[in-house]
Amino acid sequence: VTLFRRARIYTPLDTGRPAAGPAQGRIESWDGGALLVRDGRIAAVGEESEVLGALGAADRRAVQEVDCGGRCMIPGFVDPHTHLCFVVPREREFLARIEGADYLSILRDGGGIHATVESVRASTEEDLYAATRDRALSALRLGTTTVEIKSGYGLSLDSELKQLRVIARVGRETPLSVVPTLLAAHAVPAEYSGRADAYVEHVAAVVIPRVAEEGLAAYCDVFCERGVFSVPHTERILLAARNAGLGCRLHADELDEGGGAALAGRLRVASADHLLAATDAGLRAMADGGVIAVLLPITAFTLRRPYARARAMVDLGLPVAIATDCNAGSACVESMGFAFGLAVLQMGLSVAETLTAVTLNAAYALGLGDTVGCLAPGRPADLLVLHGESPGILAFRAGVSVVDEVYKAGVRV
Ligand code: NIG
Ligand code: FE
């Protein structure tokens, strides 16, 4: 039994569905808050006097106290979109882009994602695991307690399976909760060059059934983008995935408008991610389809593109979540705190809306909205103690980590 005292607690409230519109900014807070943990789960949370009332006689003998000294407590971050499973970041490509090279042209010329695919294919499972684990542990230190990790740097049956085994092992051997996503349709691999249709068929008919049979993925994702995978390709793959029992999500309208958001709405997928170039019609289709918008401000920042229209999305009634997109090329920062800062300072979201975006709505995007993402009785005690008085400190000091302490299921990690 652990009792956190003298905390300024801020948490979204779970109403049984993703927080949309005005609800996205509704946050509960207690200035003189306390939180009681029993067997790794939250037993009580609220004003200290009320929580003390919930302490039984047996609890009183066993209790360990943590004095938060007036610091802020929030739920652990849920990062619902990462590509953490790779060996080395493409630093030279970054320098070339700073000098003016274009992300999609590099990809078309066989660099970009293809360069990472070569190194992931060549690496042993053990080396890939070590690199992925280290990156995941860095995210954990920065406050992420639940993380989605995609494959997509293998692009062959064997290498995608290798990545997914590594991702599963990160879930078993680190304190993080990991949600695995199959992203075999991340690029058309070199051996299928000029034969995108054939690769899509291979993914739908061979890769998806095998991955589903081995239970290695919860979701399937597609990079739906002009010049990568078309809307019909994306639909073919996602329907095969759904048929195999996987959840569906997609990279939509990241660089150009290409009908991704509209498709997401029509297929009623769990989330459509990026959306830098999404149109109002696309966003409305998402709202109608109950799709969560997962925004990735670090990618816009790194690619020096205009940010997604987060304000318009919240006003349209779309539930918005925020993720890092941490990957080898377009954005290589595993810090949800930094994404938080960009959301507040560059995308016009309020601190309260952003807190919901990095916790509860992110959890809903992963199908975990009833499990993690808020501080409520019965949920695992995944929580952060921040070096500040409110979640606003994450934006105010976005360039450094203000995460003082990370607890996973009540245990300090
Ligand atoms: O979300 N856009 C596709 N996938 C990643 C980038 C992957 C990479 O550049 O290696 C993204 O931005
Ligand atoms: Fe991505």
Side-chain angles (χ1 to χ4, degrees), residues 79-98 101-121 128 131-132 135 139 147-155 159-160 163 167 179-189 219-229 233-234 237 249-256 258 260 264 269-278 292-305 307-308 321-334 336 339 362 365-366:
D79 187 346
H81 180 140
T82 84
H83 311 246
L84 288 180
C85 186
F86 61 87
V87 193
V88 282
R90 305 193 303 271
E91 196 173 328
R92 284 213 197 141
E93 174 193 315
F94 171 71
L95 294 176
R97 280 194 277 111
I98 290 294
D102 170 68
Y103 180 81
L104 281 180
S105 312
I106 295 169
L107 179 63
R108 222 172 290 127
D109 295 343
I113 293 169
H114 297 293
T116 304
V117 168
E118 266 178 49
S119 62
V120 164
R121 286 182 178 180
L128 184 60
T132 307
R135 216 167 276 122
V147 66
E148 185 254 22
I149 308 179
K150 304 174 196 296
S151 66
Y153 289 133
L155 309 187
S159 314
E160 288 288 306
Q163 277 200 293
I167 292 166
V179 176
T181 295
L182 171 67
L183 178 57
H186 195 195
V188 177
Y219 287 93
C220 180
D221 190 349
V222 176
F223 187 11
C224 180
E225 185 76 28
R226 249 183 229 164
V228 191
F229 291 98
H233 284 156
T234 305
I237 289 170
R249 50 190 351 111
L250 67 157
H251 285 66
D253 304 329
E254 173 175 354
L255 305 159
D256 280 319
V269 296
S271 74
D273 303 25
H274 283 294
L275 305 169
L276 301 192
I292 297 180
V294 175
L295 306 185
L296 310 158
I298 299 174
T299 312
F301 174 76
T302 307
L303 293 179
R304 298 186 293 176
R305 298 258 179 168
Y307 292 88
I322 303 274
T324 63
D325 195 25
C326 183
N327 68 67
S330 70
C332 194
V333 181
E334 62 275 30
M336 284 293 278
L366 297 179

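Whatever order the structure lists ligands and atoms in, that order sets their numbers, starting from 1.
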Quick check: His186 and ligand 1, any N/O pair under 3.5 Å apart?
yes
Please find the N/O/S atom of Asp325 nearest to the Fe ion (ligand 2) and write down its name.
OD1
Taking only heavy atoms of Gly329 into account, list the atoms of ligand 1 that are under 4.0 Å away from them.
8 (C), 9 (O), 10 (O)
Which protein heavy atom lies closest to atom 10 (O) of ligand 1, and at what distance to 0.1 Å?
Tyr153 OH, 2.6 Å
Is it the side chain, the backbone, both or neither of Phe86 that has a heavy atom closer than 4.0 Å to ligand 1?
neither
Would you say Arg121 and Tyr153 make side-chain contact, with heavy atoms under 4.5 Å?
no
Only N/O/S atoms count here: what is the atom of His251 closest to the Fe ion (ligand 2) called?
NE2
Side chain or backbone, does Glu254 bring an N or O within less than 3.5 Å of an N or O on ligand 1?
yes
Quick check for you: with the Fe ion (ligand 2) as the vertex, what angle do NE2 of His83 and NE2 of His81 span, to 10°?
100°
Just wondering, are more than 12 heavy atoms of other shown residues or ligands nearer than 6.0 Å to OH in Tyr307?
yes
Of all the non-hydrogen atoms in the protein, which one sits nearest to atom 12 (O) of ligand 1, and at what distance?
Ser330 OG, 2.6 Å
Distance, nearest 0.5 Å, that separates CD of Glu148 from OG of Ser271:
7.5 Å
Ligand 1 contact by Glu225, heavy-atom criterion under 4.0 angstrom:
no
Once rounded to the nearest 0.5 Å, what's the spacing between atom NE2 of His186 and atom OG1 of Thr116?
8.5 Å
Is it true that Lys150 and Asp79 have a side-chain N and a carboxylate O under 4.0 angstrom from each other?
no
So if I count the atoms of ligand 1 from 1 in the order they appear, which ones are less than 4.0 Å from some heavy atom of His81?
1 (O)
At what distance, to the nearest 0.5 angstrom, does CG of Leu276 lie from CG of Asp253?
9.0 Å
For atom 9 (O) of ligand 1, grab the closest protein heavy atom and report residue, atom and distance to one decimal in Å.
Tyr103 OH, 2.5 Å
Could you walk me through whether His81 and Asp325 satisfy the side chain to side chain donor-acceptor pair (under 3.5 Å) test, starting with their C-alpha distance in whole Å, then the side-chain angles of each, then the deciding distance to 0.1 Å, before giving a yes or no?
CA-CA 5 Å; His81 180 140; Asp325 195 25; 2.8 Å; yes
For ligand 1, which atoms have a heavy atom of Asn327 less than 4.0 angstrom away?
5 (C), 6 (C), 7 (C), 8 (C), 9 (O), 10 (O), 11 (C), 12 (O)
Which heavy atom of the protein is the closest neighbour of atom 11 (C) of ligand 1, given with residue, atom name and distance?
Asp325 OD2, 3.2 Å
Tell me the contacting part of His274 for ligand 1: side chain, backbone, both, or neither, using a 4.0 Å heavy-atom threshold, strictly below.
side chain
Pairwise distance CD1(Ile167) to CG(Leu84) - rounded to 0.5 angstrom
8.5 Å
Check the side chains of His251 and Asp221 for a donor-acceptor pair under 3.5 angstrom, ignoring hydrogens and angles.
yes
To the nearest 0.5 Å, what is the distance between CG (Asp273) and CZ (Phe223)?
11.5 Å
Only heavy atoms of Arg90, strictly under 4.0 Å: list the atoms of ligand 1 that pass.
8 (C), 9 (O), 10 (O)
